[in-house]
Amino acid sequence: MSKSTKLDASSSLTPLKWSWNQMHDVFEIAFRELVSEHLLKDLLSNYFQLDIASIVSEHDYWSDAWDGLPRIGISIAIADDGLKTNVSGYSFQPIADPVLGDLAKEAAKVFQSEAVIGDFGKHGIEAIGRFLSYLPDGSIWESVDSSDGPIDDVMPIRRIE
């Protein structure tokens, strides 16, 4: 994906209507390929309908300068193998699980990379090591942790959609 890639009007993004309050939410999404911070910020800005300046670092997210303002904070970890781009995000508004799933589906298409999130359909012990993998072709797979130690890779086991 080129550095100048922008989302266009034909994108399947659904506008979100948010009322900002004092609740925070944490989300994680990982990508099979390397995704630049710039492209990630562009996607989040468009998806959450925020100015790109409101997509900030994790550190800035918690700073007094942003207190009470709509924003998304991100930290990015890069790995050599497996899931190469791992994003931890912080939202000033709760993000419903299906919204995170829609974001992962859109990101997979835009970045042409498998996008992985926790399987929000599973609960308790059943959820440990279970993920949803969204592929660029639009398919969704149930996946399991295939790591030896900390989770750094997943293996799709069953197509869901």
Side-chain angles (χ1 to χ4, degrees), residues 1-3 5-8 10-18 23-50 55-58 61 71-161:
M1 170 160 242
S2 71
K3 197 172 191 181
T5 300
K6 294 289 259 178
L7 299 176
D8 60 32
S10 67
S11 172
S12 64
L13 293 176
T14 303
L16 298 175
K17 303 271 189 241
W18 288 17
M23 180 142 185
H24 301 275
D25 205 353
V26 178
F27 64 94
E28 292 181 323
I29 185 168
F31 300 98
R32 177 79 45 208
E33 304 301 327
L34 291 174
V35 176
S36 76
E37 181 177 0
H38 171 76
L39 291 176
L40 185 61
K41 284 182 172 184
D42 190 45
L43 175 79
L44 293 170
S45 170
N46 281 291
Y47 189 79
F48 292 111
Q49 297 188 341
L50 293 171
I55 312 300
V56 299
S57 70
E58 176 185 359
Y61 179 87
R71 69 215 184 263
I72 301 287
I74 57 172
S75 65
I76 301 170
I78 302 298
D80 292 331
D81 298 312
L83 299 170
K84 294 181 179 141
T85 306
N86 296 280
V87 180
S88 293
Y90 307 86
S91 171
F92 200 63
Q93 178 73 12
I95 300 175
D97 293 333
V99 172
L100 183 57
D102 289 344
L103 173 62
K105 188 173 188 173
E106 182 66 19
K109 184 174 69 173
V110 169
F111 300 143
Q112 288 297 293
S113 174
E114 178 182 2
V116 178
I117 63 172
D119 187 343
F120 53 81
K122 307 258 190 266
H123 302 285
I125 196 146
E126 179 187 42
I128 297 172
R130 299 298 196 147
F131 300 90
L132 296 174
S133 292
Y134 295 79
L135 301 184
D137 67 3
S139 64
I140 304 171
W141 290 74
E142 182 177 0
S143 297
V144 294
D145 175 13
S146 64
S147 311
D148 185 21
I151 297 170
D152 61 7
D153 206 354
V154 298
M155 178 178 62
I157 58 171
R158 183 176 67 86
R159 186 175 180 150
I160 298 171
E161 184 177 307

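The figures here come from the full heavy-atom set of this structure, side chains too, leaving out hydrogens, waters and symmetry mates.
Side-chain atoms of Leu50 and Ile55, non-hydrogen and from C-beta on, do get closer than 4.5 Å to each other.
Residues Ser113 and Phe31 approach most closely at OG-CB, 3.7 Å, considering heavy atoms. Listed here is the closest heavy atom pair of Glu28 and Ser88: OE2-OG, 3.7 Å. The minimum heavy-atom distance between Ile95 and Ser91, with the atom names listed, is CD1-CB, 3.6 Å. Residue Asn86 comes nearest to Ala30 through the heavy atom pair OD1-CB, 3.2 Å, listed as atom of the first residue, atom of the second, then distance. When all heavy atoms are compared, the tightest approach of Arg130 to Ile157 is NH1-CD1, 3.6 Å. In plain terms, the two heavy atoms of Gln112 and Glu33 that are nearest each other are O-CG, 4.2 Å.
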Phe111 vs Thr85, test: side chain to side chain contact (heavy atoms under 4.5 Å, CB included). Steps then yes/no.
CA-CA 11 Å; Phe111 300 143; Thr85 306; over 6 Å; no
Tell me, with the steps shown, if Arg32 and Val154 meet side chain to side chain contact (heavy atoms under 4.5 Å, CB included).
CA-CA 10 Å; Arg32 177 79 45 208; Val154 298; 4.1 Å; yes
May I have the step-by-step check of side chain to side chain contact (heavy atoms under 4.5 Å, CB included) for Leu103 and Leu44, ending in yes or no?
CA-CA 8 Å; Leu103 173 62; Leu44 293 170; 3.9 Å; yes
Would you check, one step at a time, whether the test side chain to side chain contact (heavy atoms under 4.5 Å, CB included) holds for Glu126 with Asp119?
CA-CA 10 Å; Glu126 179 187 42; Asp119 187 343; over 6 Å; no
Show me, pair by pair, the donor-acceptor contacts under 3.5 angstrom made by side chains of residues 131-139, not counting sequence neighbours?
from   : atom 1 : to     : atom 2 : distance (Å)
Ser133 : OG     : Glu114 : OE2    : 2.8
Ser133 : OG     : Ser143 : OG     : 2.6
Asp137 : OD1    : Ser139 : N      : 2.8
Asp137 : OD1    : Ser139 : OG     : 2.6
Ser139 : OG     : Trp141 : NE1    : 3.1

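Formation of a donor-acceptor pair under 3.5 Å by the Tyr90 side chain with backbone atoms of Ser75 is not found in this model. Judged purely by atom type and a 3.5 angstrom limit, Asn46 uses its side chain to pair as donor or acceptor with the backbone of Asp42. For Arg71 (side chain) and Tyr61 (main-chain N/O), a donor-acceptor pair under 3.5 Å exists by modelled atom type.
Using bins of under 30°, 30° to 60° and over 60° for the plane-to-plane angle, the ring pair Phe27/Phe48 lands in the tilted bin.
When the shell of 6.0 Å around CD1 of Ile78 is examined, it contains more than 12 heavy atoms from other residues, nucleotides or ligands.
The NZ atom of Lys84 sits 9.5 Å away from atom CG of Asp153, with the distance rounded to the nearest 0.5 Å.
None of Ile74, Val56, Ile72 except one satisfies the side chain to side chain contact (heavy atoms under 4.5 Å, CB included) rule with Lys41; the exception is Ile74.
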